[in-house]
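Have a look at the structure below before the remarks.
The sequence lines fix the lettering, A, B, ..., with proteins before strands; numbering per chain opens at 1.
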Amino acid sequence: MIRALAWRSVTSRKLRAILNGLGIVLGVALIFSVLSLSRTIVTTFDELFSSVYGQTDLIVSGADYAGTVDESLLEKVRAVDGVDIAVPSISSIVTLIPKDGSKPGQDDQINVTGVNPGDEDLSGSQSVAGRGIEKGHEIALDESFAERKGIDVGDAIDVSAQTGLETFKVVELVRFGEGLDFGGQGFGAVPLDVARKVFAQPTGYGEIDIALKPGANMTDVRNELEGLVDEGTEVRTPSDISDDINSQIQGFNIILYFFSAMSLFVGGFLILNSFNMTVAQRMREIGMLRTLGGSRRMIARMFLLEAVLLGLIGSLLGIVLGLLLTKLMVSLVGNVGLPIGEVKYPPSAFIAAPVLGIAATLFGALRPALRAGRVPPIEAVLSEHRAKPLKMTRRLIAGSVLVALGLAGVFTLASSTEAPTPVVMAGAFGVIFLFSGVIMLGPVVVPALVRVLSWPLRKLTPIEGRLAADSSRGNPVRTASTASGLMIGIALVAAIGSLGSSFIGSVSDDLDRELKTDFIVQPSVFGGGGPQATISPDAADEIAALPGAKTVSGTRGIFLSTGYGKNYFAMGLDPATHAEFSSPDYVNDGAAVDDALATDSVTLPEALAKAKDTKVGDTIELKGPRSSKRLKVAAIQKGNSIEAQSIVMSNDNFFAIYGVEGYSQILVIAESEAARPQLQKSINTLVKREYPAFEALSNEQVKEQMKDQINQVFAIFYVIMAVAIIVSLLGVVNTLLMNVLERTREIGVLRAIGSGRWQVRRIIIQESLLLTSAGAVLGLIVGMALGYAFVKGIDASSGGVGFHPPVGVIFAVALLAVIFGVIAALLPARRAAKMNVIEAVSYE
Amino acid sequence: MEQQVQKTATASQPPADAAVYVRGLTKVYESGPTSVEALKGINLTIKRGEFVAVMGPSGSGKSTLMHILGALENATSGEVWIGGQSIIGLDDKHLTLLRRDAIGFIFQFFNLLPTLTAEENVMLPSLIAGESAGKLRDHAHELLDLVGLTERREHLPSQLSGGEQQRVSVARSLMRDPDLLLADEPTGNLDSKNAAAVLDMLRDVQAKSGHTIMMVTHDATVASRASRVIFLRDGLIDGEVPGGDANRILEHLGALES
Ligand SMILES: Nc1ncnc2c1ncn2[C@@H]1O[C@H](COP(=O)(O)OP(=O)(O)OP(=O)(O)O)[C@@H](O)[C@H]1O
Ligand SMILES: [Mg+2]
């Protein structure tokens, strides 16, 4: 009996059920695809490691791959008891030059290893065509990359390496694991002596891969090896490396989970509002059931059953949509440059997504269902249901407290350099508190906001604007919760936007202030993790010889994964020209810094110095794979430029410690303003001819590129939030439909006394605009407050970031609020316009 | 309005002094397999300035007739002229304009907009027409004076009694000075005292400004205030009596129902 009633309730309020269902479908699809995405990323790395290190037991390597291991180490390693095979190699990224002359992209990068042709192959690859590399410019390529690029055994390929353009003959195709695709990146192997030349790595090894004798004790061998190497060199197992990477991925995943949880929350909120409306609408019916002897529990059960029904159907469809959405997300992640393989759908997602979906539905329906149970039988006879008056003061106080707590929590997260669990929780709860606070304040704030926002409408179309505003303000709780749903999605978009614009803004401010270069030559694509492409120092000399070039200087860079300055960049530069290129913002007197850098000194980023409690004049020890050096701290630097965030030393010291010879950037100053355009042209021609993987950019272009990169990284979050916003728009449609239904009589009267269909439509559209714009304004304010707290927090701990409002996001949201407002109103406005006037006015 | 008239091919032309002229009007409601013939061929002429009451048993087609005359519903066949203009075949836009400018409505359920004040409710038809509130205020005041609610201008409908609300409805229906005023059981929801007040007022208005009024009622006393009472039965006009004598009206009703 209850089941029949619940079913009938779903089918009779079809449209609302469809809207609710859609909300669940979207929420479940999102959760499903985020789970699948993170599984896909993890599996990709796992497979990547197991194929690359197929039979490798231990790896001896320098920090961050780019560093080198001393060559003399090889014999010592081989002599260790239990070591069966030890294979040395060096590696780097080169870029395939497309045959059609187009600009190389992310998927043209090849991760190339230089190996001795005679050495054992410890990777998990197997040869599928051709023969192994022997000597000269020969290359073995992974099959899937070759296939995608239309390359076959016997072909000659052009690649841009550190020393410029090189041509290799493809002699072999190898297959790593089953159907593994490294997110577009190719893998290749060339003879070690050739690699030394083209990678500009004359000495040292990138890593030594070790296979143990059968029965050898891994721990013993490892301990012995660790005794052999100094601190800049590491001994790791393949799974150590993949664990490292997995823990980095984990951070990314947590953010993904948080954002999709917010979307699901919006979904639950949609259900809550919607069921509240259903209960309000069915007051009389419920009262009747109670008069006929229906118990409270029976009524509540009826609503919960309806929710379960909706949740089930919505979840099933959600999985179907989720399968598609995953593909989109995976491609977005691929765009950022993360290797990503074939899409994996974890079995757990098929269970977790619908369970969470149904849970959110039940969470949303619970309160309304209990409320329905409490409807007194008298409601059956009362014609008008009166809503309880709101406790405004209590709301104001509780809401404000929550908002304050929320912002404090977010600040706590942002201002700590490390992120232990309690701090992360403080941040997550901060966001949730902030939203809950604003939702509480909603019924107080939103009607006032609607009044202000309706002003232009009332000016433009007095009576329509007036009636639209009256309708929105007539039911403050419903209007506020609808706008609040929208607020959450928009606030998160605005918060991300604020972070992005603040970083971009602060960095370009610093660029303008500190960087005095005219052009920067740098790789046109950045590899995601692993070794970065570098350019030969020869390129700097060639550019310096071009007419119009005044000063040319190269910088070296490496990301430190161990030792002092872990997780910071080390940067090498030329102290002689340093002053011409930048005017660093030192906290101390910087007069003699460049002279000091030229001998035995470094400058430190402010945040690192603070964290390590290092002062100017202290000595720090930097350990690299090539050597360790004790250097003096000559200055401490503020700001956001790469330089200000790096441990800066001379190029000579950099090479001595880290063994990297290639430049990551070449900085160029023109003789004069007038010489600039011609110089850029000749640099471009030179770079394009000899180092096609690089490009020369003006400062403006650098800023543009940085914006693009940040936006690409944020794209995935924008997609997740777009889903949340669509879900909340369903709420807008729901509310409008309910308002139209409740105002049947009024709309009928308007039509009877001479309103046209369009006039009625306009009222509903304006009502919708008021809802979406109230949500947008609220969202932008809350989001920017969130972003502000975040930026201030980061500034407090690391310094150098100032809040810059996300102008682009603000305009986009304002525009979208209007577009979404019109779209959300389509159906309700149609309903209102097509209303049967006679029925509307004739009956009570 | 003249340029909007779509002349239908017709033999009969309404007399010059007819506010309402109906010939052979039928209305059939198709609902699934069954169809209901609500009006079966109505012929009716109402002169300008007449106050006509319409009576008849429940289901006889009174409301249907009012709805068609009020341009709220299309006729199935026949001719309908309002103020010298044929309304048959007009599109939705022109019917809307007709409702706005030529017809005033008073409903049984007071049908005021709850968020607008009495004054704003009265001005509503002109506000819809795009006129600015400033210019309308004086006229709205006159009308509220006429219905005796001068003091209640700023009140919301919820702050008015049922009778007062209905008087606001009357003022609203007069706002655009319509050719025809239609009232479907305007006193049906009022007690006899309030009903009498509203009726007195309607009669006053009619006497003073010479509006044409058509009013449906079940109450013989109410009907007796009209200048003419017409009776409907089973979708057809079944006689008429002059107003004034409630007993005669009751007699006719009794005859109808037996
Ligand atoms: N929309 C409709 N669909 C089908 N039948 C209808 C519709 N509207 C009215 N009818 C039928 O037309 C007939 C006339 O109805 P109408 O409402 O005009 O009667 P009435 O004289 O106003 O009655 P009452 O005094 O009860 O108001 C009735 O039989 C009614 O059931
Ligand atoms: Mg009727």
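- Taken from CD1 in A/I838 to CE in B/M66, the straight-line distance is 12.0 Å, to the nearest 0.5 Å.
- The structure places CG of B/L72 at 9.5 Å from CG of A/N836, a figure rounded to the nearest 0.5 Å.
- The structure places CG of B/L127 at 10.0 Å from OG of A/S755, a figure rounded to the nearest 0.5 Å.
- Inter-residue side-chain proximity for B/T96 and A/R751 is flagged as met; some heavy-atom pair is nearer than 4.5 Å.
- Looking at A/R743 and B/T115, their side chains never come closer than 4.5 Å, going by heavy atoms from C-beta outward.
- Heavy-atom distances place the side chain of B/D92, and not its backbone, under 4.5 Å from chain A.
- With a 4.5 Å cut-off on non-hydrogen atoms, A/E746 touches chain B through its backbone and its side chain both.
- Contact detail for A/A752 and B/F107: the closest heavy-atom pair is CB-CZ, 3.5 Å.
- The shortest non-hydrogen separation linking A/I463 to B/L124 is CD1-CD1, 3.6 Å.
- When heavy atoms are compared at a cutoff of 4.5 Å, B/E120 approaches chain A solely by way of its side chain, counted from C-beta outward.
- Both the backbone and the side chain of A/L750 come within contact range of chain B, judged by heavy atoms closer than 4.5 Å.
- Residue A/R466 touches chain B through its side chain alone, counting heavy-atom pairs closer than 4.5 Å.
- Between the A/Q759 side chain and the B/I128 main chain, a donor and an acceptor come within less than 3.5 Å of each other.
- Contacts of B/L116 with chain A are made by both backbone and side-chain atoms, with heavy-atom separations under 4.5 Å.
- Around atom CZ of A/R831, no more than 12 heavy atoms belonging to other residues, nucleotides or ligands sit under 6.0 Å away.
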